[in-house]
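Right, one structure below, let's go through it.
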Amino acid sequence: MALKTKNSTRIGVTILGWGIALWLFFPIFWMFLTSFKSEVQAISTPPKLFFMPTLSSYAEVFERASYWHFTFNTVIVSVGATASAIALAVPAAYSMAFMPSKRTRGTLLWMLSTRMLPPVGVLVPIYLLARNTHLLDTCTGLAIVDMLTNLPIIVWMLYTFFREVPAPILEAGRMDGATRWQEMTMVLLPLALPGIASTALLSLILCWNEAFWSLNLTSSHAAPLTAFIASFSSPEGLFFGKLSAASTLAVAPILVFGWISQKQLVRGLTFGAVK
Amino acid sequence: MATVELKNLRKTYLTEEIIKGISLSIEDREFVVFVGPSGCGKSTLLRMIAGLEDITSGDLLIDGQRMNDVEPGKRGLAMVFQSYALYPHMDVYKNMEFGLKLAGMPEAERREKIEHVAHTLQLEPYLHHKPGQLSGGQRQRVAIGRAIVRNPKVFLFDEPLSNLDAALRGQMRVELSALHRKLGATTIYVTHDQVEAMTMADKIVVLQKGVVEQIGSPLELYHHPRNLFVARFIGSPPMNFFPAIFQGGDSAGSSVQLRDGSTLYVPVTSPGILPGTKVTVGIRPEHVELAPSGPNSGTVEVIERLGAITLVHVRMSDGEIIVVQTDGAVLTDVDTHVSLTLPPQNCHLFAPDGLAFEACRRHPLAA
Ligand SMILES: Nc1ncnc2c1ncn2[C@@H]1O[C@H](COP(=O)(O)OP(=O)(O)OP(=O)(O)O)[C@@H](O)[C@H]1O
Ligand SMILES: [Mg+2]
């Protein structure tokens, strides 16, 4: 009896899970399909599921804009922002996890609360700061802003991963004569590597998809893929075929990268039994 | 060659004082055990010596040098943690090598040392296993090996055997004692376990609430506890206590009247105690004897037969319970009426403030 209820809830949960996954995936799937339609097919009603695929949208997209230029900027900005954020967050999370004080919890909450502020609220000051430091429309400027906006989440995530590492292991390192730096790099980091990797992956995805600051702080020189998509959405009305092709091109690299590294991550997580 | 000296060490967390002025000197090659109830500050004191906790005030001297502000790795100590705290991402060899490498020891010398220690601890087959692939006992050995290989002046142990099962604990206890005899290094060992404390220690330090209750050899604590706390804490099953009225004393002993009216003449001195003072009598279960009849009678309430010995719980006529440890083959049964003999030379007297009366003669094994 109990077994039966358990089984039926499991089936229910599975169906629900698949339902939600399909619901979330559908727009991406539709975008992918649309990118292979002609402009007429793209806006036909009722929408067509079966059609003769064409690469004409892709051809036009490549002709009109320099995809590789935008991709290059996105990669530079995302990797740069992620690497510098991790480099800053590791010591911060280390001290919070292993040398907590009365104010540690408050500091963490306050850091997270800055994420709740609507970015548009600080648009003018950030814009002026970027302009006065000559960082407008530069990869450096955008990377700095991306790094700062993600830093709270990254510190928070690393903090939770570090808390999983038993303190006596680090203390053993200290007894063995390790300096704080050696303790962090030779004992803590190898143990927390899976956590750091998944944090970095999340940061990469957030930076890759970040649109608000890229559209406001860059114009041509440092414009990333989000600006590339946006450039297909306005001037002569909406062309869904080209817009979809551009969007597919923009999300494809990070999607593939995420897919591959996710498998690595799961492997990393199950391999390194910390305790 | 290493001595450790604590001079009025104190530790305060926020506003709470955890270690309240501990002074202690540890001789070269001595095996010192800290015991005390949970939360009394044993680990904190050990960690202060190790350098893992700051010292709020007082001085810590190792070999006569003040170590308060020296980094843990530079104090010449090695520590074995309760949870072993091996580096999970390194194999056994690398675990032992880590400290040597940081100290800049050449590769060949490292290898030689590690192989020697691995041989001593029978770890050779596991040198290239990760800690996750080892049993609890093997991990314990690795943790000890990692400490030994650094050739420290002082070994620190924080309840190293408490995660092992009873049989393995007994075996490791003997091994650790043998190892200590062989290496002859000064050792500070924290434990909950009476047997570990009694069998391994040259000197036991009994702590309670951050203060030292008594320092002495195991048998000194057993035969001459300084106060009620130590008397209750050392010995298993614990000492029996019952109230009595002090009647008077001379240089050879003190006499007290028990509740049933009988008197007891105990060979302890009682300077400054007024007749009529309420005192506490203490006697260990192994020193009480069963008698078929006589004073101090009661009814057997519980019998615990452990094979070699039997613990008889007797409800006395005044309502107190007294535990008697006797022969495993004793025939007494529950609900029978028995009398107890209390050999005066094995009785302890405690003043109202808990301090023990001084014995007239020290026990020969606890001189
Ligand atoms: N980081 C800390 N902050 C505040 N209080 C602490 C801290 N560490 C320990 N204490 C307190 O100090 C006291 C002594 O702790 P300690 O761990 O030294 O006890 P212990 O004698 O080793 O106990 P056990 O036998 O349970 O291991 C405890 O009351 C504990 O609550
Ligand atoms: Mg402890």
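A, B, ... follow the sequence lines: proteins, then strands. Residue 1 opens every chain.
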Might you confirm whether atom [atom1] of [X] has over 12 heavy atoms from other residues, nucleotides or ligands at distances under 6.0 Å?
X: H192(B); atom1: NE2; value: yes
X: Q171(B); atom1: CD; value: yes
X: K94(B); atom1: NZ; value: no
X: F98(A); atom1: CZ; value: yes
X: Q65(B); atom1: CD; value: no
X: D59(B); atom1: CG; value: yes
X: K209(B); atom1: NZ; value: no
X: F72(A); atom1: CZ; value: no

Correct closest heavy-atom pair for A85(B) and A172(A) would be O-CB, 3.6 Å

Taking every non-hydrogen atom, the tightest pair across L102(B) and D176(A) = CD1-O, 3.8 Å

Just give me the residue among G51(B), G99(B), P152(B) that pairs up with chain A most often, heavy atom to heavy atom, under 4.5 Å.
->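 Highest number of heavy-atom pairs under 4.5 Å: G99(B).
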
Residues in side chain to side chain donor-acceptor pair (under 3.5 Å) contact with R29(B), at least two apart in sequence or another chain |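 R29(B) satisfies side chain to side chain donor-acceptor pair (under 3.5 Å) with no residue once adjacent residues are dropped.
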
Side chains of L170(A) and Y87(B): closer than 4.5 Å at any heavy-atom pair?
->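 Contact flag for L170(A)/Y87(B) side chains = no.
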
Check whether any side-chain heavy atom of F98(B) lies under 4.5 Å from a side-chain heavy atom of V187(A), and answer yes or no.
-> yes

Stepwise salt bridge (Lys or Arg N to Asp or Glu O under 4.0 Å) test for E171(A) and R47(B) = CA-CA 10 Å; E171(A) 290 171 349; R47(B) 292 166 57 84; 2.8 Å; yes

Atom group of A50(B) that falls short of 4.5 Å from chain A, counting heavy atoms =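 Both backbone and side chain.
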
Working to the nearest 0.5 Å, report the span between CZ of R174(A) and CE of M79(B).
-> 11.0 Å

CG/L191(A) to CE/M90(B) distance, rounded to the nearest 0.5 angstrom?
->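 One finds 8.0 Å between CG of L191(A) and CE of M90(B).
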
Spell out the residues in residues 141-148 of chain B that have some non-hydrogen atom less than 4.5 Å away from a non-hydrogen atom of chain A, in order of number; otherwise answer 'none'.
->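 R146(B), listed by number.
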
Please step through side chain to side chain contact (heavy atoms under 4.5 Å, CB included) for the pair L52(B) and M175(A), ending with a clear verdict.
-> CA-CA 8 Å; L52(B) 297 171; M175(A) 293 300 298; 4.1 Å; yes

So which of M186(A), K102(A), Q182(A) has the biggest tally of heavy-atom pairs under 4.5 Å with chain B?
-> M186(A)

